[in-house]
Amino acid sequence: MRIFGIFLVLGIIWISCTEEKQAKPDQTQSPKTEVKKEEPKEVDPRVVEGEDNYKKHCMTCHMKDGYGVPNLNPPLAETEWVNGNKDTLISIVLEGRTGEMEVNGEVYNGVMIPHNHLSDQEIATILTYVRASFGNKSSPIMEEEVASVRAQI
């Protein structure tokens, strides 16, 4: 009986110690800081439409991430070709391109077919999407700009 009493006392002490630990806040952890939620940025509907058009007409060669098929199709990500002169970029889409082309220090020698079958709006949305994606942060391309380049060709 005496042993039972000792175990009973030890059990009560053990339970009271564990309850006390659980009740005290953990002082080894820093207090939680309030995380501010960023307001969702409004997405230009032309970018959304452009992404859909990009997937239909461009993704096969330039890939989902805009880095192109290695050693075959040039990247669209963070390049002067995309972020530079708008008319040059529009012309490439409308007329296609063959021969050597240096992009980000790498030379490509492939063929891009003309996409002059696409409407001015489709081309504008695709290029707006490309210029706003893949690390690019350039201004949109308007339908009127595409129409102007198309008229000059």
Side-chain angles (χ1 to χ4, degrees), residues 14-153:
W14 181 76
I15 290 172
S16 66
C17 287
T18 58
E19 285 177 1
E20 191 175 310
K21 283 184 182 178
Q22 290 174 355
K24 289 183 182 178
D26 185 1
Q27 295 179 2
T28 61
Q29 293 180 349
S30 61
K32 290 183 179 179
T33 57
E34 188 177 316
V35 177
K36 292 182 181 180
K37 291 183 179 179
E38 287 187 30
E39 292 291 321
K41 294 180 182 177
E42 192 171 315
V43 178
D44 185 336
R46 291 173 299 171
V47 172
V48 175
E49 184 181 345
E51 182 179 14
D52 290 339
N53 287 328
Y54 176 86
K55 288 176 181 177
K56 290 177 198 169
H57 304 288
C58 311
M59 192 169 73
T60 302
C61 296
H62 294 288
M63 308 306 289
K64 184 177 182 177
D65 63 3
Y67 280 92
V69 176
N71 304 313
L72 186 61
N73 302 108
L76 302 174
E78 302 178 79
T79 73
E80 185 59 33
W81 290 96
V82 169
N83 295 304
N85 185 288
K86 291 180 178 184
D87 290 353
T88 302
L89 182 60
I90 295 167
S91 293
I92 291 171
V93 173
L94 287 169
E95 297 181 298
R97 173 114 184 171
T98 59
E100 287 190 355
M101 176 182 205
E102 185 176 329
V103 180
N104 295 345
E106 194 168 333
V107 176
Y108 295 85
N109 192 5
V111 175
M112 178 171 159
I113 62 168
H115 286 78
N116 54 11
H117 62 282
L118 298 176
S119 71
D120 295 343
Q121 179 188 1
E122 288 172 311
I123 292 172
T125 61
I126 289 168
L127 296 180
T128 295
Y129 167 72
V130 169
R131 287 170 56 92
S133 304
F134 317 126
N136 300 315
K137 293 177 176 57
S138 295
S139 61
I141 290 185
M142 309 309 271
E143 191 174 334
E144 296 79 18
E145 293 172 298
V146 177
S148 174
V149 172
R150 190 186 299 264
Q152 293 172 20
I153 294 175

Under a 4.5 Å cut-off applied to non-hydrogen side-chain atoms, are [X] and [Y] in contact?
{"X": "P75", "Y": "V103", "value": "yes"}
{"X": "M63", "Y": "V69", "value": "yes"}
{"X": "K86", "Y": "S139", "value": "yes"}
{"X": "Q121", "Y": "E49", "value": "yes"}
{"X": "W81", "Y": "M101", "value": "yes"}
{"X": "I126", "Y": "V93", "value": "no"}

CG of N71: more than 12 outside heavy atoms within 6.0 angstrom?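 Atom CG in N71 is not crowded, with 12 or fewer foreign heavy atoms closer than 6.0 Å.
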
May I ask you to decide if [Y]'s main-chain N or O and [X]'s side chain share a donor-acceptor pair within less than 3.5 Å?
{"X": "N73", "Y": "G68", "value": "no"}
{"X": "H115", "Y": "G96", "value": "no"}
{"X": "N136", "Y": "A132", "value": "no"}
{"X": "T125", "Y": "R46", "value": "no"}
{"X": "S148", "Y": "E144", "value": "no"}

Y54 and Y129 aromatic ring geometry - parallel, tilted or perpendicular at 30°/60° bounds: tilted

Atom of R150, atom of L118 and distance for their closest heavy-atom approach: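 It is NH2-O, 2.7 Å.
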
To the nearest 0.5 Å, what is the distance between [atom1] ([X]) and [atom2] ([Y])?
{"X": "Y67", "Y": "H62", "atom1": "OH", "atom2": "NE2", "result": "14.5 Å"}
{"X": "D120", "Y": "E145", "atom1": "CG", "atom2": "CD", "result": "11.0 Å"}
{"X": "E122", "Y": "H117", "atom1": "CD", "atom2": "NE2", "result": "7.5 Å"}
{"X": "K56", "Y": "E51", "atom1": "NZ", "atom2": "CD", "result": "12.0 Å"}
{"X": "E143", "Y": "I123", "atom1": "CD", "atom2": "CD1", "result": "10.0 Å"}
{"X": "N85", "Y": "S91", "atom1": "CG", "atom2": "OG", "result": "8.0 Å"}

Are I141 and L89 close enough, and set up right, to give a side chain to side chain contact (heavy atoms under 4.5 Å, CB included), and what steps lead you there? CA-CA 10 Å; I141 290 185; L89 182 60; 4.1 Å; yes

Name of the residue among I113, I92, V111 meeting side-chain contact (heavy atoms from CB on, under 4.5 Å) with R97: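 The side-chain contact (heavy atoms from CB on, under 4.5 Å) with R97 is passed solely by I92 among I113, I92, V111.
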
